[in-house]
Amino acid sequence: MTELFFKDNFFSAGYTQIMDRQEQAAGSLDLKSAFGSSLDVYNGIGELICSGKFRFFSRKWEVSNGSGNAIGVLRERISFLAKKYEYDAGERGVYDITSPAFSKEYTVYDQGGQRVALFDQTSSWLQSGAFRLQNHSTLLDSYELIAVVMGVHAIRKHHQNGGSPASL
């Protein structure tokens with residue numbers, strides 16, 4: 001299992017560190033702009049591993065590898081009693097991401113219903129988003145999952161701010 005900690009910046013712009021359980025640097029996030037929602041995820045030696053951004057005029061969050069090729073798409077699913085998302089990782093499967101209505105803890109399930117990852121928001125409502133990721137998956141890289149977590153966070157922020165697809 002891999003456990004990583006990372007956070008958003010207050011204005012969703014600039015660099016922020018990815019830390020491991022021992023509080024050692026394990027990479028970084030480049031939050032591209034306060035006016036848009038896109039990011040790059042770098043490993044501990046500074047290599048671009050993946051990126052995330054909203055598709056043009058869409059609520060879908062696209063994750064790309066370091067070469068810019070799409071490797072997955074995150075979308076929100078309609079639910080009244082829980083927060084639900086779906087991450088389509090192509091040949092690697094479709095993953096359900098769920099959280100009870102008022103919880104800050106999310107669980108990622110594979111197509112067989114097995115839990116493959118868990119992430120939770122560790123910040124309070126006055127702070128920018130800070131997260132802990134526990135990855136048990138052999139198919140999804142932890143840096144890719146960071147891009148997915150930040151996609152869930154971006155979708156939630158747009159909802160809270162009354163965002164429409166045109167504002168993405």
Enquirer: For K83 and S103, indicate whether the former's side chain and the latter's backbone hold a donor-acceptor pair under 3.5 Å.
Expert: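 At least one qualifying donor-acceptor pair exists.
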Enquirer: Can a donor-acceptor pair be found, under 3.5 Å and without considering hydrogens, that links the side chain of R77 to the backbone of T98?
Expert: no
Enquirer: Please check this pair: side chain of S67 against backbone of N69, looking for a donor-acceptor N/O pair closer than 3.5 Å.
Expert: no
Enquirer: Is it true that a side-chain atom of N135 and a backbone atom of L140 form a donor plus acceptor pair closer than 3.5 Å?
Expert: yes
Enquirer: Quick one: does any side-chain atom of S137 pair with a main-chain N or O of V116 as donor and acceptor, under 3.5 Å?
Expert: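 No; zero donor-acceptor contacts below 3.5 Å.
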Enquirer: Taking all heavy atoms of D20 and all of F5, pick out the closest pair and write down the distance.
Expert: O-CD1, 3.8 Å
Enquirer: Please work out whether the ring planes of Y42 and Y15 are parallel, tilted or perpendicular, with thresholds of 30° and 60°.
Expert: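 Because their plane-to-plane angle lies in the 30° to 60° range, the rings of Y42 and Y15 count as tilted.
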Enquirer: Looking at R92 and Y87, what are the two nearest heavy atoms and their distance?
Expert: NH2-OH, 4.4 Å
Enquirer: What distance do F6 atom CZ and L145 atom CG have between them, rounded to the nearest 0.5 Å?
Expert: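 So the gap between those two atoms works out to 8.5 Å.
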Enquirer: Check the pair D40, K32 against salt bridge (Lys or Arg N to Asp or Glu O under 4.0 Å), reporting the backbone distance first and the verdict last.
Expert: CA-CA 8 Å; D40 289 334; K32 299 284 193 165; 2.7 Å; yes
Enquirer: What is the distance from atom CZ of R115 to atom CG of D110, rounded to the nearest 0.5 Å?
Expert: 12.0 Å
Enquirer: I need the S51 OG to E144 CD distance, nearest 0.5 Å.
Expert: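 Atom-to-atom, S51:OG and E144:CD are 11.5 Å apart.
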Enquirer: Output the distance between atom CD (Q121) and atom OH (Y106), rounded to the nearest 0.5 Å.
Expert: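 Between atom CD of Q121 and atom OH of Y106 there are 7.0 Å.
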Enquirer: Within this structure, what is the CG-NE2 distance for the pair L39 and H153, rounded to the nearest 0.5 Å?
Expert: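 Interatomic distance, L39 CG to H153 NE2, rounded to 0.5 Å: 10.5 Å.
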Enquirer: Between the main-chain N or O of T122 and the side-chain N or O of D120, is there a donor-acceptor pair closer than 3.5 Å?
Expert: no
Enquirer: Do the ring planes of F54 and W61 sit parallel (below 30°), tilted (30 to 60°) or perpendicular (above 60°)?
Expert: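 Perpendicular: the ring planes of F54 and W61 meet at over 60°.
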Enquirer: When rounded to the nearest 0.5 angstrom, what is the spacing between OG1 in T107 and CG in D96?
Expert: 11.0 Å
